[in-house]
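One-based numbering, in listed order, for ligands and for the atoms of each. Worth saying up front: this structure is predicted, and the values here are computed from it rather than measured.
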Amino acid sequence: MSNLDLFTDAEPAPVEHLGTHAYVLRSFAQPGHDLLAGVEAVVLDAPFRHMVTPGGYTMSVALTNCGRLGWTTDPSGYRYTAQDPLTGRPWPAMPSAFAQVARAAARAAGFDSFEPDACLVNRYLPGARLSLHQDKDELDYSAPIVSVSLGMAATFLFGGKTRSEPTAKVHLRHGDVVVWGGEDRLRYHGVAPLKDVPHPLLGAQRINLTFRKAG
Ligand code: MD3
Ligand code: FE
């Protein structure tokens with residue numbers, strides 16, 4: 001492959017706007033960031049599991065967390081906890097590579113001094129999906145959310161401030177980072193059922209890291 005093949009006409013521009021304060025940073029996460037080693041370390045301590053929503057639905061996405069706080073759901077509600085309900089131990093520490101990428105991406109999108117205290121790690125196998133929702137369990141909506149996509153590509157659905165507004169589709173690939181803040185922070189969003197197109201490094205899975213200031 002020649003160098004030029006990396007930037008064909010089909011390749012999107014490095015930064016795209018999804019909204020006034022929503023940015024896609026294409027290929028922002030690089031191999032040197034060593035995020036996959038971080039995922040392996042987190043999962044050894046706090047394995048992926050399928051949680052149940054208050055509506056009684058078992059999520060098709062498996063999840064775990066790292067950092068001071070972790071997002072959980074069970075039949076009694078959604079919440080952030082300091083302990084992993086599966087083990088009773090604190091969530092694993094956030095790998096320094098994770099925090100560095102999250103801070104750098106936030107800064108690139110104009111959010112200086114983003115300090116995430118929570119990283120939700122979602123794992124999608126083929127067919128897994130995330131229905132339209134808002135992220136409303138955090139205390140402070142003024143901090144942005146940073147999401148890092150790894151492995152198989154996904155179609156991300158980006159909606160409006162009400163559930164009924166139409167959604168835009170954004171294709172997210174390995175290494176893409178998205179930053180949402182300001183007036184876009186409470187938009188509805190979701191992920192379409194994952195297609196089975198295995199990724200060279202991660203095989204038939206997609207892993208998404210979502211960094212938040214939760215507490
Ligand atoms: C858009 N995860 O875990 S993070 C989630 O790919 C979640 O696993 C997605 O949505 C995933 O809650 C993508 C993307 C995200 C997070 C917060 C947002 C998108 C957002 C807030 C406003 C608008
Ligand atoms: Fe979300």
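If you look at Arg123 next to ligand 1, there are no close heavy atoms at all, none under 4.0 Å. Contact annotation: for Asp184 versus ligand 1, heavy atoms closer than 4.0 Å belong to the backbone alone. Neither the backbone nor the side chain of Leu172 has any atom closer than 4.0 Å to an atom of ligand 1 (non-hydrogen atoms only).
The contact set between ligand 1 and Leu130, taken as ligand atoms under 4.0 Å from a residue heavy atom, comprises 2 (N), 5 (C), 7 (C), 9 (C), 10 (O). When each atom of ligand 1 is checked for a heavy atom of Ser147 under 4.0 Å away, the hits are 4 (S), 14 (C).
When only non-hydrogen protein atoms are considered, atom 11 (C) of ligand 1 lies nearest to Tyr124 OH, 3.0 Å. At the top of the distance list for atom 17 (C) of ligand 1, counting protein heavy atoms only, stands Asp135 OD2, 3.2 Å. Atom 18 (C) of ligand 1 has its closest protein heavy atom at His189 CE1, 3.3 Å. For atom 6 (O) of ligand 1, the closest non-hydrogen atom of the protein is Arg206 NH1, 2.8 Å. Atom 21 (C) of ligand 1 has Arg185 O, 3.2 Å as its closest protein atom, hydrogens excluded (heavy atom only). Ranking protein heavy atoms by distance to atom 23 (C) of ligand 1, first place goes to Trp180 CD1, 3.3 Å. Scanning all protein heavy atoms for the shortest distance to atom 3 (O) of ligand 1 gives Asn122 ND2, 3.0 Å.
When the Fe ion (ligand 2) is compared with the N/O/S atoms of His189, atom NE2 turns out nearest.
Rounded to 10°, the angle that OD1 of Asp135 and NE2 of His133 form at the Fe ion (ligand 2) is 90°.
Side chains of Asn65 and Trp71: no donor on one and acceptor on the other come within 3.5 Å.
Between Tyr124 and Pro193 there is no side-chain heavy-atom pair separated by less than 4.5 Å.
For ligand 1, the polar-atom distance check finds an N/O of His133 within less than 3.5 Å of one of the ligand's N/O atoms.
Put simply, part of Phe156 is less than 4.0 Å from ligand 1, judged by heavy atoms.
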### Message
Checking Ser149 against Arg173 for the side-chain hydrogen bond (donor to acceptor under 3.5 Å, both in side chains) test, could you report, in this order, the C-alpha distance in whole Å, the side-chain angles of both residues, the deciding distance, and whether it holds?
### Response
CA-CA 6 Å; Ser149 290; Arg173 302 174 191 86; over 6 Å; no

